[in-house]
2 protein chains.
Amino acid sequence: MERDDGGVPGLAASAARGPEAGTDFVARGPGAGADFVAVGLAADLVILTVRDGRLQVLLIRRGIEPYLGRWALPGGFVRPDEDLEASARRELAEETGLSSERLHLEQVATYGAPDRDPRGRVVSVAYLALVPDPPAPVAGSDASSAEWVDVADLLQDRAGTADDGLAFDHRRILGDGVERARAKLEYSPLATAFCPAEFTISELRGIYEAVWGTPLDPRNFHRKVTKTPGFVEPSGATTTRDGGRPAQLFHRGTAHTLHPPMTRAG
Amino acid sequence: MERDDGGVPGLAASAARGPEAGTDFVARGPGAGADFVAVGLAADLVILTVRDGRLQVLLIRRGIEPYLGRWALPGGFVRPDEDLEASARRELAEETGLSSERLHLEQVATYGAPDRDPRGRVVSVAYLALVPDPPAPVAGSDASSAEWVDVADLLQDRAGTADDGLAFDHRRILGDGVERARAKLEYSPLATAFCPAEFTISELRGIYEAVWGTPLDPRNFHRKVTKTPGFVEPSGATTTRDGGRPAQLFHRGTAHTLHPPMTRAG
DNA sequence: GCAAAAGTGTTAGAGGTACACCCATGA
DNA sequence: TCATGGGTGTACCTCTAACACTTTTGC
């Protein structure tokens with residue numbers, strides 16, 4: 001874009017067509033050659049949470065073709081004057097019922113293979129959202145059924161059974177989103193985004209164990225988290241909700257990166 | 001996208017307009033409300049190299065409005081049936097004259113603020129490319145002047161002088177690309193992508209020093225690189241091109257991640 | 001008291017930092 | 001011979017991994 005290729009963006013007439021037209025979603029630029037293309041722009045969401053010690057993702061059961069009846073990531077088209085992140089945030093609020101102000105949201109990647117949507121050229125910008133445990137029961141959604149699904153079940157590779165998985169390229173998007181979350185837990189305090197305002201160290205450890213899929217030593221974990229500057233701050237209160245000796249409650253610290261990082265093999 | 005919002009992608013007639021039309025680049029969906037938008041899709045490139053010990057980026061001098069005469073990242077519109085990465089790779093080959101097959105290329109992020117291009121809604125997918133030192137002199141390019149520019153000069157914040165910087169939001173894109181490169185040098189063998197097929201350890205160290213902007217201890221660096229499994233493999237040959245005692249030559253190893261990672265403070 | 005979870009102490013080893021020192025070449 | 005960069009040895013420190021042990025609650 002923004003190159004000296006002579007063309008100023010504009011849509012030529014060939015694209016004018018009603019809805020339901022099917023395949024030819026492409027609008028070509030001014031010249032005789034196809035020097036640019038107008039595409040549908042969507043934002044899709046990988047909304048993760050940890051429930052019952054398992055990493056889960058919010059999915060929607062599709063009510064229309066294509067991929068009727070299959071699981072898909074929530075998402076929607078970006079509106080004409082809407083910023084990409086604003087669009088993702090709006091859809092996040094719609095799907096979870098949570099005021100998305102305080103939720104963690106970050107862009108992951110953009111998917112634009114020409115054939116990824118059988119209806120035409122649609123480019124999807126994927127966002128990763130992390131929500132704390134008792135996430136609103138997906139109430140106000142205008143969509144059909146939405147559900148929390150175990151990520152492990154979706155990502156395990158059952159060779160050949162590609163046809164009962166996620167719609168479109170959503171399995172790949174989910175994989176990339178989960179990989180991003182796993183990586184960021186190492187060097188950022190992002191795990192706290194899965195926790196309520198106040199949490200115990202072992203609840204935080206449960207997040208790490210669920211996302212990484214590996215057990216961690218409770219004693220070393222406790223020491224490391226409490227000694228990493230800016231990771232968590234004691235709130236003063238304690239709780240016995242996890243059983244045993246009362247545990248201190250903490251809230252998020254102010255750090256944006258962790259020094260030293262958390263280590264995965266432990 | 002891909003939601004049960006009732007609309008199948010298609011372009012309504014309002015968008016049909018000739019080139020040079022200027023601002024109204026937006027095509028609306030089927031309903032009366034603006035439930036989706038068709039956008040121009042571009043791929044922009046942050047092409048980095050290290051020359052004379054300095055991190056540099058390939059920029060183009062714009063020959064047309066808007067931002068006439070300003071520096072901009074190379075890039076162009078994605079073609080109708082072209083994959084995003086294929087588009088970036090094609091433009092990379094056009095700009096550098098190098099066969100882009102062997103060059104490192106990765107997606108960084110997507111920029112889609114509604115007002116980022118004054119001509120209309122254009123969404124840009126940014127890619128990061130790393131090329132080895134004597135990069136082809138930007139020959140076959142169809143564009144106007146292209147030049148290697150010091151990244152440090154472009155990114156230092158001179159408060160207020162926003163108007164002689166990069167066109168569009170390209171300064172931000174450049175910043176994100178450089179930040180990605182800096183981060184990946186830590187945990188991936190990516191620095192070798194800046195090097196020719198055979199290189200010495202101190203040449204590799206020069207890459208790190210230029211990208212991170214910090215001096216590194218030659219002795220510890222040497223030990224660490226040669227002991228990290230899969231980072232580099234000795235080729236058997238030696239060279240004296242850097243002066244002093246002959247240095248062993250190495251080529252890239254097979255590792256995709258570095259254990260342990262390189263450390264920035266050193 | 002007993003189970004369970006919180007939290008502290010300790011030790012061996014890996015890795016990082018700093019720097020002294022020797023090696024192999026060109027000029 | 002000297003300057004230059006290549007490369008090794010080593011001491012000190014921090015961080016990690018593993019695990020023994022004490023603390024404080026509920027039942």
Side-chain angles (χ1 to χ4, degrees), chain A residues 52-53 185-187 189 195 198-210 212 214-251 255 257-266, chain B residues 52-53 185-187 189 195 198-210 212 214-251 255 257-266:
Chain A
D52 307 320
L185 287 210
E186 294 188 10
Y187 58 90
C195 296
E198 291 198 323
F199 51 89
T200 67
I201 297 296
S202 59
E203 283 160 4
L204 184 63
R205 176 168 48 86
I207 302 297
Y208 274 89
E209 292 176 331
W212 284 350
T214 51
L216 299 172
D217 184 300
R219 292 126 349 158
N220 293 335
F221 184 86
H222 184 284
R223 202 181 348 239
K224 183 148 190 186
V225 167
T226 52
K227 290 198 173 159
T228 299
F231 195 172
V232 297
E233 304 287 346
S235 74
T238 62
T239 180
T240 59
R241 64 187 176 218
D242 299 329
R245 169 176 167 180
Q248 272 190 275
L249 285 168
F250 294 81
H251 44 75
T257 50
L258 264 27
H259 301 290
M262 295 285 133
T263 46
R264 215 147 156 176
Chain B
D52 305 321
L185 287 210
E186 293 189 11
Y187 57 88
C195 296
E198 291 199 321
F199 51 89
T200 67
I201 298 297
S202 57
E203 284 160 5
L204 184 63
R205 177 167 48 83
I207 303 296
Y208 275 89
E209 292 178 330
W212 284 349
T214 52
L216 299 171
D217 185 298
R219 287 106 23 138
N220 292 335
F221 183 87
H222 183 284
R223 204 183 343 242
K224 185 146 187 187
V225 167
T226 51
K227 289 200 172 156
T228 299
F231 195 172
V232 297
E233 305 287 346
S235 74
T238 62
T239 181
T240 59
R241 64 187 176 218
D242 299 330
R245 168 176 166 180
Q248 270 190 277
L249 284 167
F250 294 83
H251 45 74
T257 51
L258 264 26
H259 299 290
M262 295 286 131
T263 46
R264 217 145 153 176

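Residue numbering restarts at 1 for every chain, and letters A, B, ... go by the order of the sequence lines.
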Examine [N]: is either OP1 or OP2 under 4.0 Å from a nitrogen or oxygen in the side chain of [X]? Give yes or no.
{"X": "Ser202(A)", "N": "dA6(C)", "result": "yes"}
{"X": "Lys224(B)", "N": "dG16(C)", "result": "yes"}
{"X": "His222(A)", "N": "dA6(C)", "result": "no"}
{"X": "Thr263(A)", "N": "dA17(D)", "result": "yes"}

Legend entry - 4.5 Å side-chain heavy-atom contact, Leu204(B) and Phe231(B):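 They are in side-chain contact.
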Take atom [atom1] of [X] and atom [atom2] of [N], then tell me their distance rounded to the nearest Å.
{"X": "His259(B)", "N": "dG15(C)", "atom1": "NE2", "atom2": "C1'", "result": "15 Å"}
{"X": "Leu258(B)", "N": "dG15(C)", "atom1": "CG", "atom2": "P", "result": "13 Å"}
{"X": "Glu186(A)", "N": "dT16(D)", "atom1": "CD", "atom2": "P", "result": "12 Å"}
{"X": "Arg264(A)", "N": "dT16(D)", "atom1": "CZ", "atom2": "C1'", "result": "17 Å"}
{"X": "Glu209(B)", "N": "dG5(D)", "atom1": "CD", "atom2": "P", "result": "12 Å"}
{"X": "Leu204(A)", "N": "dA5(C)", "atom1": "CG", "atom2": "C1'", "result": "16 Å"}
{"X": "Asp242(A)", "N": "dT24(D)", "atom1": "CG", "atom2": "P", "result": "18 Å"}
{"X": "Phe221(A)", "N": "dC15(D)", "atom1": "CZ", "atom2": "P", "result": "17 Å"}

Legend entry - Letter per nucleotide, 5' to 3', of nucleotides 19-27 of chain C [B base touched, S only sugar-phosphate touched, - untouched; heavy atoms, 4.0 Å]: BBB-BBB--
Legend entry - side chain to side chain contact (heavy atoms under 4.5 Å, CB included) partners of Glu198(B), counting only residues at least two apart: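 Testing Glu198(B) for side chain to side chain contact (heavy atoms under 4.5 Å, CB included), a comparison that skips the adjacent residues, returns Ser235(B), Leu249(B).
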Legend entry - Residues forming a side chain to side chain contact (heavy atoms under 4.5 Å, CB included) with Pro218(B), sequence neighbours excluded: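 In terms of side chain to side chain contact (heavy atoms under 4.5 Å, CB included), with neighbours along the sequence ignored, Pro218(B) is linked to Arg205(B).
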Inset, instruction - Can you tell me which residue pairs pass the salt bridge (Lys or Arg N to Asp or Glu O under 4.0 Å) test with a partner in residues 222-234 of chain B, sequence neighbours excluded? - result: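 Matches after skipping sequence neighbours: none remain.
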Legend entry - Partner residues of Arg219(A) under the side chain to side chain donor-acceptor pair (under 3.5 Å) criterion, sequence neighbours left out: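 Asp217(A).
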Inset, instruction - For Gln248(A), check side chain to side chain donor-acceptor pair (under 3.5 Å) against everything at least two apart and list the hits. - result: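 Result, side chain to side chain donor-acceptor pair (under 3.5 Å) vs Gln248(A): none returned.
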Legend entry - Residue closer to the 5' end of DNA chain D, Ala247(B) versus Pro260(A) (nearest nucleotide):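 Looking at the nearest nucleotide for each, Ala247(B) comes out on the 5' side.
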Inset, instruction - Hey, could you give me the CE/OG1 distance between Met262(A) and Thr228(A), rounded to the nearest 0.5 Å? - result: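 Rounded to the nearest 0.5 Å, the CE-OG1 separation comes out at 4.0 Å.
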